[in-house]
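Numbered from 1 within each chain, the chains take letters A, B, ... in sequence-line order.
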2 protein chains.
Amino acid sequence: MAAVARLIGDPARANMLDAMLDAQAHSAGELATIAGVSAATASGHLRQLLDGGLVAVAAQGRHRYYRLASPEVARLLEGLMAVTAPLVTRHRATPRVPNALREARTCYDHLAGRLGIAITDTLVANGAVRIDDNNIAVTDHGRAWLGEMAIDLDAPRGWGRRPVCRPCLDWSERRPHLAGVLGAALLERLLDRGWIARVDGSRAIRVTPPGAAELRRRFGYEPG
Amino acid sequence: MAAVARLIGDPARANMLDAMLDAQAHSAGELATIAGVSAATASGHLRQLLDGGLVAVAAQGRHRYYRLASPEVARLLEGLMAVTAPLVTRHRATPRVPNALREARTCYDHLAGRLGIAITDTLVANGAVRIDDNNIAVTDHGRAWLGEMAIDLDAPRGWGRRPVCRPCLDWSERRPHLAGVLGAALLERLLDRGWIARVDGSRAIRVTPPGAAELRRRFGYEPG
DNA sequence: GCGACCTTTTGGCCGCGAGCGAAATGTCAT
DNA sequence: ATGACATTTCGCTCGCGGCCAAAAGGTCGC
């Protein structure tokens, strides 16, 4: 247990892992810049993360692209943030995290932040999903509703057997939001409909002008 | 994020935290022995864990009793184990963890291991709780059934507002088991009915002779 | 092929922090 | 008060591991 925690415990490695939370692959050099260390140092860190089973690598030409080894690792990292956040903000009234991230961001492969919460709330109000305590389940009515969004939860999605819908604790809103296959499919659909877009090299999500209208109408989302 | 992970990343501190996963308070000297370090070193570690908000302390006479600061910390630790376990056992066919722990143990303040899974399965079969994907909810029928066990989920339980029932991933069985207020109440009831007992200074749980009969009849649990 | 580029390996420096013994602090028992 | 015990603080040593510059692998474009 200590071995895994030790890997995350170094600031440079933690920054790299945090960057990989966007579920996209990053080259070694890119991660070196993000971590603020030389390429040599970064390479050493990445080797450790690889040996520790926290990340996986895909060699492509002269680049080597690193990504988190599994959704479990992503969940672990978000869990760490959930424990960390209250400690940091305990003595600070002003939000320490950039507002763009609080507003809308990706959490591994699904949406989080105010936008993620707004969508979750709407699906609950619709009766599309049901939440008891901290648990989420998709209803039959929900499957039909999602069909209109061209989302078929029963379609094979490549990444083997994976829970259809899982709660994921949002560390900025302190509430669970949609994760699992449903969360991933929603993010994908919103992206390729052009309602939202990724922001440069950040996990932040930007709402496009056409997206603003659609998201307000369908999910009652108003930018904060 | 790195700060919290760094604290767990030291073997001595990890051992201490692991010991505290039984949700009981441990004196500083006891934790020093468990971690295999001197009292002076242990004191330093405990101070760090305290400053980091991972543990809380209660001074009682000349002893100082340490415990985990919150259930969230316990969840984080179990999450770490879930990521760690597969890495360790990947190249080992034989179980590395003592069988007593796989059989029945406490997981913070509820039951885990084969016994915990057996109880969870029975409650699902009864229709007392419902599991969708990885989510658990208590049904009305479940509340009545629990009433026969003298468990009232609506009774105030001291520890403020806390989810009635939460899934908790079992790192030895790789399946979710009952946690939350329900899990805690079940453990408490089984203990004070004398069906199970804590084992010395371990998280292992021993089934008593009268308990063996009751657990087989009610939950279909057969010792492995 | 050759040069440009990305990445990893090697070697060496250096600081953080884990470790202990000894002393100090605080608490209980008599 | 005095001694026994639990814990913390202090001062110190020492090794692990992060860091970089330089060199070595690989891969692509020309």
Exercise for the section: Answer yes or no: does a side-chain N or O of B:R64 lie under 4.0 Å from OP1 or OP2 of D:dT8? Expected result: yes

Handout entry: Gap between atoms CG and C1', on B:L49 and C:dA18 respectively (whole Å)
Key = 14 Å

Problem - Gap between atoms OH and P, on A:Y66 and C:dC6 respectively (whole Å) - result: 15 Å

Fill in the blank from the handout: In whole angstroms, the gap separating P of D:dT9 from CG of B:D51 amounts to 10 Å

Practice task
Figure out the NE2/P separation between B:H45 and D:dT7, and round it to whole Å.
Solution key: 16 Å

Problem - Test of ring centre spacing under 6.0 Å for A:Y65 and A:H63 - result: yes

Handout entry: Gap between atoms CG and C1', on A:L31 and C:dC6 respectively (whole Å)
Key = 13 Å

Handout entry: Length of the CD-P vector between A:Q48 and C:dT7, whole Å
Key = 18 Å

Practice task
Using atom CG of B:L7 as one end and atom C1' of C:dC16 as the other, report the distance to the nearest whole Å.
Solution key: 14 Å

Practice task
Measure the distance from CZ on A:R6 to C1' on D:dG17 and round it to the nearest whole Å.
Solution key: 8 Å

Handout entry: Any donor-acceptor pair under 3.5 Å from B:T41 side chain to B:V37 backbone
Key = no

Problem - Donor-acceptor under 3.5 Å (A:R206 side chain, A:A197 main chain) - result: no

Problem - Along DNA chain D (nearest heavy atom to each residue), the more 5'-positioned of A:D10 and A:A40 - result: A:D10

Handout entry: Residues B:V4, A:I8; criterion side-chain contact (heavy atoms from CB on, under 4.5 Å); working and verdict
Key = CA-CA 9 Å; B:V4 171; A:I8 313 176; over 6 Å; no

Exercise for the section: Compare the minimum distances between each of C:dC6, D:dC20, C:dT7 and the side chain of A:V37, then state the nucleotide with the smallest one. Expected result: D:dC20

Exercise for the section: Identify whether any heavy atom of B:A28 sits under 4.0 Å from a base atom; if not, whether one sits that close to sugar-phosphate; answer base, sugar-phosphate or nothing. Expected result: sugar-phosphate

Practice task
Map A:T41 and A:H63 onto DNA chain C by nearest heavy atom, then report which one ends up closer to the 5' terminus.
Solution key: A:H63

